[in-house]
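Structure record follows, encoded as structure tokens.
None of these values were measured; they are calculated from a predicted model.
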Amino acid sequence: MVFRKWQKELTEENLRVQIAKAKEAWKNAEDTEPRAESVQYNQSEDLIVIKLKNGAIFCFPPSLAQGLEGASPEQLADVWLPPSGSSVHWESLDVDFSIPELLAGIFGTKSWMGD
């Protein structure tokens, strides 16, 4: 079987090679990209507080982030991290942000941030 944009035949060996490359890319990302250890909403300060695995702390007001503006304190407090610590997620708001994007100051889509 050959896929149009895949230049290699789909064999077990090719799959093993691709899986090994994906695992290596994941390991490199784990070693070089910022990852979160914890996240919480601090209601008294009105801040989302993200503690990074390297010990740094990053905070931002929810009003800066697309999908979080206007959310209730209960909704903002209902935040979780995946085991990788690569993103934050608000289930009830259907909002996700990657940690590297937040640290780069990206709090929404290009069009939303342009407003």
Side-chain angles (χ1 to χ4, degrees):
M1 176 184 292
V2 178
F3 294 94
R4 291 177 200 224
K5 296 196 180 197
W6 181 297
Q7 301 300 319
K8 298 180 182 180
E9 186 176 348
L10 186 58
T11 65
E12 283 191 38
E13 179 57 29
N14 286 339
L15 285 174
R16 275 194 286 280
V17 169
Q18 292 303 312
I19 290 169
K21 286 181 182 179
K23 285 181 178 179
E24 184 64 26
W26 173 80
K27 184 178 179 339
N28 288 338
E30 284 290 307
D31 292 342
T32 60
E33 292 180 8
R35 299 291 189 220
E37 181 177 284
S38 66
V39 61
Q40 65 180 20
Y41 173 61
N42 180 325
Q43 186 174 352
S44 64
E45 301 277 335
D46 192 31
L47 291 172
I48 304 299
V49 181
I50 301 170
K51 183 174 181 187
L52 302 177
K53 289 183 179 181
N54 67 4
I57 297 173
F58 177 73
C59 308
F60 65 93
S63 60
L64 286 181
Q66 183 177 8
L68 299 183
E69 72 281 9
S72 71
E74 293 78 22
Q75 289 172 310
L76 293 170
D78 186 27
V79 59
W80 62 274
L81 295 169
S84 68
S86 62
S87 62
V88 292
H89 180 74
W90 286 265
E91 185 75 31
S92 64
L93 299 170
D94 193 27
V95 173
D96 297 284
F97 290 100
S98 80
I99 298 301
E101 287 177 350
L102 286 173
L103 294 175
I106 300 171
F107 295 100
T109 62
K110 188 181 247 184
S111 63
W112 185 85
M113 290 189 63
D115 291 343

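- A pairwise comparison of heavy atoms in Q75 and S92 identifies CG-OG, 3.9 Å as the closest pair.
- Dense packing is recorded around CG of N54, with more than 12 heavy atoms of other residues, nucleotides or ligands lying under 6.0 Å away.
- The aromatic rings of F107 and F58 lie parallel to each other, with less than 30° between the two planes, well short of the 60° mark.
- Under 4.0 Å is where a charged nitrogen must lie from a carboxylate oxygen, and between E13 and R16 at least one such pair does.
- In terms of heavy-atom proximity, S86 sits nearest to P100 at O-CD, 3.9 Å.
- Residues V88 and L81 form a side-chain contact, since some pair of their non-hydrogen atoms from C-beta on lies under 4.5 Å apart.
- Taking both residues in full, the closest heavy atoms of G67 and L93 are given as O-CD1, 4.0 Å, listed atom of the first, atom of the second, then distance.
- Nearest approach of Q40 to V79, heavy atoms of both residues: CA-CG1, 4.3 Å.
- Inter-residue side-chain proximity for K21 and V17 is flagged as met; some heavy-atom pair is nearer than 4.5 Å.
- Annotation for D46 and Y41: closest pair OD1-OH, 2.6 Å, computed over non-hydrogen atoms.
- The nearest pair of heavy atoms linking F97 to Q66 is CZ-O, 3.4 Å.
- To the nearest 0.5 Å, the span separating NE2 on H89 from CG on D96 amounts to 5.0 Å.
- Atoms CG and SG, on L64 and C59 in that order, are 12.0 Å from each other to the nearest 0.5 Å.
- Residues I99 and R35 have side chains not in contact (no heavy-atom distance under 4.5 Å, counting atoms from C-beta outward).
- Hydrophobic cluster membership differs between L47 and I50, with clusters built from Ile, Leu, Val, Met, Phe, Trp and Tyr side chains linked at under 4.5 angstrom.
- Atoms CG and CD1, from L102 and I48 in turn, are 9.5 Å apart once rounded to the nearest 0.5 Å.
- For the atom pair L76 CG and Q43 CD, the distance stands at 8.5 Å (nearest 0.5 Å).
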